[in-house]
Novice: 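Structure below; questions to follow.
Excluded from the calculations below are hydrogen atoms, water molecules and symmetry mates; all remaining heavy atoms, backbone and side chain alike, are included.
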Amino acid sequence: MPEFIKELKRTHSCGALTAKDVGAEVILFGWVANRRDHGGAVFIDLRDREGLTQVVFEADTDAAVQATAHELRLEYCVGVRGKVVSRGGNKNPKLATGEIEVHAIQLSIFNKSEPVPFPIEDKVDTAEEKRLNHRYLDLRRAPLQKSLMRRSKMNLITRETMGSMGFLELETPFLVKYTPGGARNFLVPSRLSPGKFYALAESPQLFKQLFMVAGFDRYFQIVKCFRDEDLRLDRQPEFTQIDIEMSFVTQDDIFAAVEKLIVKLWKEILGVDIPAPFPRMRFEDSMRDYGNDKPDLRFGMKHVELTGIVADHAGCGVPLWEPLLGEADASGKKKMKPGQIVKAIKVPASANFSRTETDKLEEFVKGMGSKGLARAKVDEAGNWTQSPLAKTITPDARAAINAACGAGAGDLLLFQFGKESQVHTVMANLRLHLGKKLGLIPEYGPRDPTDPNSWNFLWVVDPPLFEYDDEAHRWAAAHHAFTRPHDESVQFLETDPGKVLCHRYDCVLNGVEIGGGSIRLHDPVVQARVFAAMGIGAEEAEQKFGFLLQALRYGAPPHGGIALGMDRLAMLLTGAESLREVIPFPKTQKGTDLMTDAPNEVTEAQLMELFIKSTAKKAEPADAAAQPKA
RNA sequence: GGGGUGUUAGUUAAGCUGGUUAUAACGCCGGCCUGUCACGCCGGAGGCCACGGGUUCGAGUCCCGUACACCCCGCCA
């Protein structure tokens with residue numbers, strides 16, 4: 001068998017042969033994707049990453065080869081030497097290589113395969129848990145191979161494009177100093193420094209700024225990042241960013257560079273021309289109309305802000321809304337309590353939801369912590385029916401709300417009210433849910449990847465620099481402490497920190513945040529005022545971020561940057577349903593690897609060497625025995 | 001930390017208001033077959049119904065708990 005590989009080199013992939021190759025003698029290597037054994041003749045679909053080719057063993061094949069052919073089973077790894085023959089009247093139009101087949105002359109089984117735990121086919125209907133258990137087999141599926149090959153191409157295009165714009169690909173360490181704030185870090189104990197720990201870098205943030213201080217001017221890196229936070233459909237504990245930093249630039253310069261890269265990716269991967277520059281939306285507008293900072297602009301159903309109307313109408317006669325109002329002022333007028341809002345979404349009459357369907361919507365919002373889903377159906381006269389609000393609401397208020405929502409006969413209004421952040425979370429998710437339910441957007445992915453109108457890119461700009469931390473009762477950096485405030489906003493740093501806007505930006509595509517960054521703060525005086533606004537003194541700042549602050553004092557250039565989520569880009573460009581489909585070896589929602597069984601326990605000796613003692617409760621022996629074995 | 005969905009041959013599923021031998025398809029094993037491409041035909045093996053308790057004369061089915069997987073909130077850009 002080894003002689004086969006030693007002497008016979010592969011001439012073609014299994015996706016390469018066409019009618020023009022008829023008559024050629026070829027050598028193919030691959031896996032048995034399917035077999036059809038007719039006794040006298042055996043048909044084998046041979047698969048590699050490029051495609052499928054039918055190999056035939058007929059009666060005129062050498063008897064020994066014919067005998068081996070009968071032994072073939074699914075997923076055997078084999079080599080075949082044979083002649084390319086036209087299929088004549090038996091063409092298979094479903095196959096790229098369907099015009100030809102290879103009449104085998106020589107066959108070598110490199111390795112047999114045990115029966116595979118699930119079928120290796122394009123259609124994926126195996127439980128993900130089982131797929132992850134045998135990921136190397138799952139990865140034999142053509143769709144996954146296509147996705148990862150596409151991702152490889154993305155890497156290539158990124159390096160070419162960034163290089164052509166004068167960016168240097170520079171590396172940064174993974175084992176870094178722990179810095180407080182932001183995402184939770186994975187910690188790595190240091191053997192050489194007993195009792196001390198590294199952190200795995202959650203991003204190269206500080207180092208890329210240091211590259212700018214050093215004068216590298218334009219940096220990029222395709223880099224792994226690590227965050228010890230709970231997982232989601234689009235969040236893995238280790239993920240890849242296209243990390244970018246530039247000196248002597250404005251926000252617009254960074255947008256232009258990113259747009260160039262993205263336009264190139266979409267052109268070369270999908271053949272689609274994405275119009276640039278991308279539209280921009282103020283953070284404030286995004287929150288008001290969509291309830292989050294990553295609006296999906298492929299459909300309407302904007303949120304309707306009713307807070308002002310409810311306040312103006314003194315609660316509108318709705319008992320549930322009256323507690324949202326504060327004390328009356330001198331004129332007897334009541335204002336909404338701070339942080340309390342009322343919003344609605346209008347579901348058009350055409351949707352015609354049944355009681356059961358609206359009850360399901362209520363379950364949906366309750367799952368997000370909402371107390372319920374008040375609703376009102378509008379009739380021809382503008383009256384509300386099927387609504388707990390209808391009895392008590394004043395006609396004036398009702399008319400004002402109908403007008404604000406643009407509601408007419410048959411339309412359904414859905415309300416949320418209370419704490420702003422809660423209302424926004426629920427309403428943002430409700431809008432997306434309704435968009436999918438009404439068929440305005442697909443469950444996932446773009447409607448038609450080859451249509452530029454299926455891709456709604458957007459820059460969300462000018463967010464507040466700080467957000468108030470309710471628990472710590474102080475202002476905290478919304479992004480990070482080194483974001484440059486707007487010049488016009490700096491005056492509010494001391495008086496009204498919530499009003500300070502900054503040069504931070506997110507790139508959003510179809511409701512997915514695909515990147516975010518900022519112009520950095522390089523003025524030490526303003527930097528000190530920013531720290532002060534967060535209650536961080538000079539000493540504390542120095543202790544936490546000393547090396548960066550110090551570096552910024554040595555002639556740091558004005559600079560800024562962005563990081564794009566490579567995995568999310570790959571997910572969107574492949575139409576994948578989850579990040580896990582574009583990551584070769586992903587983790588489960590609990591952060592485990594079902595194939596290798598990581599993380600696992602280590603020996604007492606290993607811990608001692610690292611000066612660590614675990615406080616985790618050991619599993620009872622009885623429980624351990626109950627665990628399914630690998 | 002909280003809410004939701006699920007777990008039945010190797011795989012995908014069916015199994016109704018509890019009823020005695022738990023079905024099917026694909027895969028696997030054996031046999032037959034020269035034009036298939038979801039090949040076909042005949043025969044066969046394969047199950048602690050995730051695990052642990054409970055209710056009941058009787059549990060795959062009902063109840064409680066646990067584990068695992070997935071989705072969401074919190075968390076995280």
Novice: Using a strict 4.0 Å threshold on nitrogen-to-oxygen distance, state whether A:Arg141 and A:Glu581 make a salt bridge.
Specialist: no
Novice: Return the value, rounded to whole Å, for the distance between atom CH2 of A:Trp459 and atom P of B:A77.
Specialist: 18 Å
Novice: Return a table of donor-acceptor pairs under 3.5 angstrom between the side chains of residues 56-63 of chain A and protein atoms on other chains or two or more places apart.
Specialist:
from, atom 1, to, atom 2, distance (Å)
A:Thr61, OG1, A:Glu58, N, 2.8
A:Thr61, OG1, A:Glu58, O, 2.7
A:Asp62, OD2, A:Ala64, N, 3.0
A:Asp62, OD2, A:Val65, N, 3.2

Novice: Going through the distances and angles, do A:Glu238 and A:Lys224 end up as a salt bridge (Lys or Arg N to Asp or Glu O under 4.0 Å)?
Specialist: CA-CA 6 Å; A:Glu238 53 178 307; A:Lys224 274 281 182 79; 3.1 Å; yes
Novice: Starting at the 5' end of RNA chain B, which residue's closest nucleotide do you reach first, A:Asp293 or A:His70?
Specialist: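 It is A:His70, whose closest nucleotide lies nearer the 5' terminus.
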Novice: Reckon A:Asp37 touches a base, only the sugar-phosphate, or nothing at all at heavy-atom distances under 4.0 Å?
Specialist: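 Contact class for A:Asp37: base.
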Novice: Looking at B:A77, which nucleotide sits across from it as a Watson-Crick or G-U wobble partner, both distances under 3.5 angstrom, or is there none?
Specialist: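 Looking at the geometry, B:A77 pairs with no nucleotide.
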Novice: Would you please confirm or rule out a distance under 4.0 Å between OP1 or OP2 of B:U36 and any side-chain N or O of A:Gln54?
Specialist: no
Novice: Does B:C73 have its OP1 or OP2 closer than 4.0 Å to a side-chain nitrogen or oxygen of A:Asn429?
Specialist: yes
Novice: Roughly, in whole Å, what's the span from CD1 in A:Ile44 to C1' in B:C37?
Specialist: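 Rounded to whole Å, this separation is 11 Å.
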Novice: Using only modelled atom types and a 3.5 angstrom limit, is any donor from either the side chain of A:Arg131 or the base of B:A69 paired with an acceptor on the other?
Specialist: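 It does not, because no donor-acceptor pair links the side chain of A:Arg131 to the base of B:A69 below 3.5 Å.
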Novice: A:Glu443 has an atom CD; how far is it from atom C1' of B:C72, in whole Å?
Specialist: 14 Å
Novice: B:C68 phosphate, OP1 or OP2: any side-chain N/O from A:Lys590 under 4.0 angstrom?
Specialist: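 Checking B:C68 against A:Lys590, a side-chain N or O does come within under 4.0 Å of OP1 or OP2.
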Novice: Taking the C1' atom of each, how far is B:G6 from B:G46, in whole Å?
Specialist: 25 Å
Novice: Does the side chain of A:Arg36 get closer than 4.0 angstrom to OP1 or OP2 of B:U34 through an N or O atom?
Specialist: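 No, no such contact exists.
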Novice: Measure CZ/A:Arg87 against C1'/B:G35 and give the value in whole Å, please.
Specialist: 10 Å
Novice: Under 5.5 Å centre to centre and under 30° between planes: does that hold for A:His38 and the six-membered base ring of B:U36?
Specialist: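 By the stated criterion, A:His38 and B:U36 do not stack.
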Novice: Closest to the A:Glu229 side chain: B:C29, B:C75, B:G35?
Specialist: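 Out of B:C29, B:C75, B:G35, the nucleotide with an atom closest to A:Glu229's side chain is B:C75.
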Novice: Counting only Watson-Crick or G-U wobble pairs whose two distances fall under 3.5 Å, which nucleotide matches B:U17?
Specialist: none
Novice: Polar atoms only, N or O, under 3.5 Å: list the protein pairs with nucleotides 7-14 of chain B and their distances.
Specialist:
from, atom 1, to, atom 2, distance (Å)
B:G10, O2', A:Pro117, O, 2.7
B:U11, O4', A:Pro117, O, 3.3
B:U12, OP1, A:Ala127, N, 2.6
B:U12, OP2, A:Lys130, NZ, 3.3

Novice: Does any N or O donor sit under 3.5 Å from an N or O acceptor when you compare the side chain of A:Arg235 with the base of B:C76?
Specialist: yes
Novice: Both A:Arg504 and A:Asn90 contact RNA chain B. Taking the nearest nucleotide for each, which residue is further toward the 5' end?
Specialist: A:Asn90
Novice: Would you please classify the geometry between the A:Phe482 ring and the A:His480 ring as parallel, tilted or perpendicular, with 30° and 60° separating the classes?
Specialist: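 Rings of A:His480 and A:Phe482: tilted, as their planes differ by 30° to 60°.
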Novice: Of the nucleotides B:A69, B:C71, B:A77, which has the atom closest to the A:Leu594 side chain?
Specialist: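 Of B:A69, B:C71, B:A77, B:A69 is nearest to the side chain of A:Leu594.
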Novice: What's the spacing between A:Leu432 CG and A:Met301 CE if we round to 0.5 Å?
Specialist: 10.5 Å
Novice: For the pair made of CG in A:Asp469 and P in B:C76, what is the distance, rounded to whole Å?
Specialist: 9 Å
Novice: Quick one, A:Leu72 with A:Leu107, criterion side chain to side chain contact (heavy atoms under 4.5 Å, CB included). Give me CA distance, side-chain angles, the key distance, then yes/no.
Specialist: CA-CA 10 Å; A:Leu72 293 177; A:Leu107 168 66; 4.1 Å; yes
Novice: Is A:Asp230 side chain donor-acceptor paired with the B:C75 base, going by distance under 3.5 Å alone?
Specialist: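 No, no donor-acceptor pair under 3.5 Å.
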Novice: Taking only the C1' atom of each, what is the distance from B:C49 to B:G3 in whole angstrom?
Specialist: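 My reading of the C1' atoms in B:C49 and B:G3 gives 27 Å.
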Novice: Whole-Å distance between B:G3 P and A:His433 NE2?
Specialist: 20 Å
Novice: Suppose we call a contact any N or O donor and acceptor under 3.5 Å apart; does that hold for the side chain of A:Glu75 and the base of B:G27?
Specialist: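 Between B:G27 and A:Glu75, which were checked side chain against base, a qualifying N/O pair under 3.5 Å is absent.
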Novice: Phosphate oxygens OP1/OP2 of B:C39: is one of them under 4.0 Å from a side-chain N or O of A:Asn34?
Specialist: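 So the side chain of A:Asn34 is within the cut-off, an N or O lying under 4.0 Å from OP1 or OP2 of B:C39.
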Novice: Check every strand shown and say whether A:Glu101 touches a base, only sugar-phosphate, or nothing at a heavy-atom separation below 4.0 Å.
Specialist: base
Novice: Are A:Phe197 and A:Tyr178 near enough that their ring centres are under 6.0 Å apart?
Specialist: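 They do not qualify: ring centres at least 6.0 Å apart.
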Novice: Inspect the contact between A:Lys130 and A:Asp138 and indicate whether a charged nitrogen and a carboxylate oxygen are less than 4.0 angstrom apart.
Specialist: no
Novice: Would you say A:Ser518 places a side-chain N or O within less than 4.0 Å of OP1 or OP2 belonging to B:A77?
Specialist: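 No, no such contact exists.
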Novice: Give me the distance, rounded to whole Å, that separates B:C63 from B:A77 when you measure between the P atoms they each carry.
Specialist: 41 Å
Novice: Starting from C1' on B:G35, measure out to CD on A:Gln66 and report it in whole angstrom.
Specialist: 14 Å
Novice: Can you see if the side chain of A:Thr425 gets near the phosphate of B:G74 - specifically, an N or O under 4.0 Å from OP1 or OP2?
Specialist: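 Answer is yes, contact under 4.0 Å.
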Novice: For A:Arg35 and B:A38, give me the distance from atom CZ to atom P, rounded to whole Å.
Specialist: 16 Å
Novice: Taking donor-acceptor contacts at under 3.5 Å, does the side chain of A:Arg73 reach the base of B:G27?
Specialist: no
Novice: For A:Arg47, is there an ion pair with A:Glu75 - N to carboxylate O distance below 4.0 angstrom?
Specialist: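 A salt bridge is present here (some side-chain N lies under 4.0 Å from a carboxylate O).
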Novice: If you count heavy atoms of other groups shown closer than 6.0 angstrom to CD of A:Glu284, is the number above 12?
Specialist: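 Count not over threshold, so no.
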Novice: Pick base, sugar-phosphate or nothing for A:Gly182, based on heavy-atom distances below 4.0 Å to the nucleic acid.
Specialist: sugar-phosphate
Novice: Tell me what A:Lys366 touches on the nucleic acid: a base, only sugar-phosphate, or nothing, going by heavy atoms under 4.0 Å.
Specialist: nothing
Novice: Have a look at A:Ala59 and say if it touches a base, only the backbone sugar-phosphate, or nothing, with a 4.0 Å heavy-atom cut-off.
Specialist: base
